[in-house]
J.: 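This is the structure I want to talk about, given as structure tokens.
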Amino acid sequence: KYLLYAIGEIILVVIGILIALSINNWNEERKQELDVRSYLERVAVDLALDMEFFSKQGENLNYQIAYFKSISKGNFSEVDLSDFHNKISWNSDPRVFSQSYRSLEKNGKLSYISNTILLDSLRIYFDDRCLVFNDWADWHKNFVVQNIEGYVMHNLPLVSAEKTDTVVVLAALKQGE
């Protein structure tokens, strides 16, 4: 009789332990989901900032293109030649993209993202596209420093804080320099 009672007690204790482990596992999964969701919300904010950054980059590049198209057509009166130095030597610095994504990656939490399309898209963007942009920004900055800034500074001297002498710029442009 006592043996049956002891076995019953052991079975109840084992069932209790299994239930407790199950609840603990469920709670840990819930915590991880909340943690990953928090990271993803921060990544979404970072992506919105990146969209704003790239939008401004696009606007700036479109302005640069219009500026140089006007100059190439000889429409010098349509542009501010005193700002020529800044326009021709403009470059974009590399950008630090989404620390939130990098933290998610560093902490090994990318594996908790169950949506494979989202995960693949994040990887393509942060591990490929952002690196391509930064490589381009580095290349462009080096190109400008090595090939343009020296020439501009030597041939188109500044008359005040980052303003070139419009007469000198106009003469150089008309001579095809």
Side-chain angles (χ1 to χ4, degrees), residues 1-69 80 83 85-150 152 161-162:
K1 195 172 177 179
Y2 291 114
L3 183 61
L4 200 55
Y5 178 77
I7 291 173
E9 285 290 321
I10 291 172
I11 291 173
L12 284 176
V13 168
V14 169
I15 290 173
I17 290 171
L18 291 175
I19 290 172
L21 285 174
S22 179
I23 291 171
N24 187 47
N25 288 342
W26 172 81
N27 193 35
E28 287 300 316
E29 287 174 12
R30 188 180 65 80
K31 283 181 185 177
Q32 285 178 340
E33 285 178 18
L34 290 174
D35 194 30
V36 170
R37 180 173 296 206
S38 174
Y39 274 111
L40 290 176
E41 287 170 356
R42 286 180 280 173
V43 168
V45 169
D46 291 344
L47 288 171
L49 293 172
D50 289 351
M51 286 175 55
E52 184 179 321
F53 169 78
F54 283 120
S55 177
K56 286 179 183 176
Q57 290 287 104
E59 289 172 11
N60 193 15
L61 289 173
N62 287 333
Y63 177 78
Q64 299 284 81
I65 290 167
Y67 182 88
F68 289 113
K69 276 185 179 179
D80 178 11
D83 203 29
H85 175 267
N86 288 327
K87 298 293 185 258
I88 200 164
S89 63
W90 174 84
N91 60 65
S92 180
D93 290 324
R95 179 172 169 77
V96 175
F97 291 95
S98 189
Q99 293 300 323
S100 300
Y101 173 80
R102 295 293 170 218
S103 292
L104 194 62
E105 182 180 49
K106 180 181 170 188
N107 294 329
K109 300 203 182 227
L110 285 177
S111 61
Y112 296 124
I113 299 174
S114 59
N115 183 331
T116 57
I117 294 171
L118 173 63
L119 182 58
D120 289 344
S121 296
L122 289 172
R123 284 184 170 145
I124 289 169
Y125 178 72
F126 289 111
D127 295 337
D128 182 47
R129 303 297 191 264
C130 293
L131 296 177
V132 168
F133 174 81
N134 282 338
D135 287 346
W136 170 83
D138 279 335
W139 174 86
H140 187 260
K141 185 175 186 172
N142 289 332
F143 177 82
V144 167
V145 168
Q146 293 171 3
N147 299 294
I148 297 174
E149 283 184 351
V152 170
E162 305 216 11

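Positions are given from 1, in the same order as the sequence printed here. What you see is a predicted model, and the numbers here were worked out from it, not measured in a lab. Atom set for the values below is all heavy atoms of this structure, side chains included, hydrogens, waters and symmetry mates excluded.
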J.: Just by distance, do the side chain of S121 and the backbone of I117 share a donor-acceptor pair under 3.5 Å?
T.: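 Checking the backbone N and O of I117 against the side chain of S121, a donor-acceptor pair under 3.5 Å is found.
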J.: Ignoring hydrogens and angles, tell me if any N or O in the side chain of S55 forms a donor-acceptor pair with the backbone of M51 under 3.5 Å.
T.: no
J.: Could you walk me through whether F97 and D46 pass the side chain to side chain contact (heavy atoms under 4.5 Å, CB included) check?
T.: CA-CA 8 Å; F97 291 95; D46 291 344; over 6 Å; no
J.: To the nearest 0.5 angstrom, please state how far the CG atom of L18 sits from the CD1 atom of I11.
T.: 11.5 Å
J.: Check whether any side-chain heavy atom of R123 sits under 4.5 Å from a side-chain heavy atom of L110, and report yes or no.
T.: yes
J.: Go through the side-chain N and O atoms of Y67 and N62 and say whether any donor and acceptor fall under 3.5 Å apart.
T.: no
J.: Are any of the side-chain heavy atoms of Y125 and D50 separated by less than 4.5 Å?
T.: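 In contact.
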J.: Please report the C-alpha distance between L40 and L104 in whole Å, then the side-chain angles of each, then the deciding distance to 0.1 Å, and finally whether the side chain to side chain contact (heavy atoms under 4.5 Å, CB included) criterion is met.
T.: CA-CA 9 Å; L40 290 176; L104 194 62; 4.2 Å; yes
J.: Are the side chain of N147 and the backbone N or O of F143 linked by a donor-acceptor pair below 3.5 Å?
T.: yes
J.: Between CD1 of I7 and CG of L4, what distance do you get to the nearest 0.5 Å?
T.: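 Answer rounded to 0.5 Å: 6.5 Å.
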J.: List the steps, then state whether side chain to side chain contact (heavy atoms under 4.5 Å, CB included) holds for V144 with W90.
T.: CA-CA 8 Å; V144 167; W90 174 84; over 6 Å; no
J.: Do D127 and L122 have side-chain heavy atoms sitting under 4.5 Å apart?
T.: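 Result no, sub-4.5 Å side-chain heavy-atom pair not found.
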J.: Do Y39 and N107 have a side chain donor and acceptor closer than 3.5 Å?
T.: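 There is such a pair (donor and acceptor under 3.5 Å, judged by atom type) between the side chains of Y39 and N107.
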J.: Is there a side-chain contact between F126 and R102, using heavy atoms and a 4.5 Å cut-off?
T.: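 SC-SC contact between F126 and R102 confirmed.
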J.: Would you please test E33 and Y112 for side chain to side chain contact (heavy atoms under 4.5 Å, CB included) and show each step?
T.: CA-CA 8 Å; E33 285 178 18; Y112 296 124; over 6 Å; no
J.: Let me confirm one number: the CD1-OG distance from I17 to S22, rounded to the nearest 0.5 Å.
T.: 13.5 Å
J.: Nearest 0.5 angstrom please: H85 NE2 to I148 CD1, how far?
T.: 10.0 Å
J.: When you compare the side chains of D83 and N86, does any donor N or O come within less than 3.5 Å of an acceptor on the partner?
T.: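 Indeed, the side chains of D83 and N86 share at least one donor-acceptor pair under 3.5 Å.
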J.: Give me the atom names and distance for the closest heavy-atom approach of Q64 to K87.
T.: NE2-O, 2.9 Å
J.: Would you say that Q57 contacts S92 through its side chain, given a criterion of any heavy-atom pair below 4.5 Å between the two side chains?
T.: yes
J.: Between P94 and A137, which heavy-atom pair has the shortest distance, and what is it?
T.: N-CB, 3.8 Å
J.: Can you tell me how far apart CD (E149) and CG (N91) are? Round to the nearest 0.5 Å.
T.: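 Between E149 CD and N91 CG, I get 6.5 Å after rounding to 0.5 Å.
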J.: Which value, rounded to the nearest 0.5 Å, describes the distance between Q32 atom CD and R37 atom CZ?
T.: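 Interatomic distance, Q32 CD to R37 CZ, rounded to 0.5 Å: 14.0 Å.
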J.: Is it the case that R95 places NZ or CZ above or below the six-membered ring of F133, under 6.0 angstrom from the centre and within 45 degrees of the axis?
T.: no
J.: Between H140 and W136, how do the two ring planes meet: parallel, tilted or perpendicular, split at 30° and 60°?
T.: parallel
J.: I would like to know whether K56 and E52 meet salt bridge (charged side-chain N to carboxylate O under 4.0 Å, His left out); could you show each step before the answer?
T.: CA-CA 6 Å; K56 286 179 183 176; E52 184 179 321; 3.3 Å; yes
J.: Would you say the side-chain atoms of D35 pair up with the backbone N or O of K31, donor to acceptor, closer than 3.5 Å?
T.: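 No, the answer is negative, given that no donor and acceptor are paired below the 3.5 Å cut-off.
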J.: Any side-chain heavy atom of I23 within less than 4.5 Å of one from E28?
T.: no
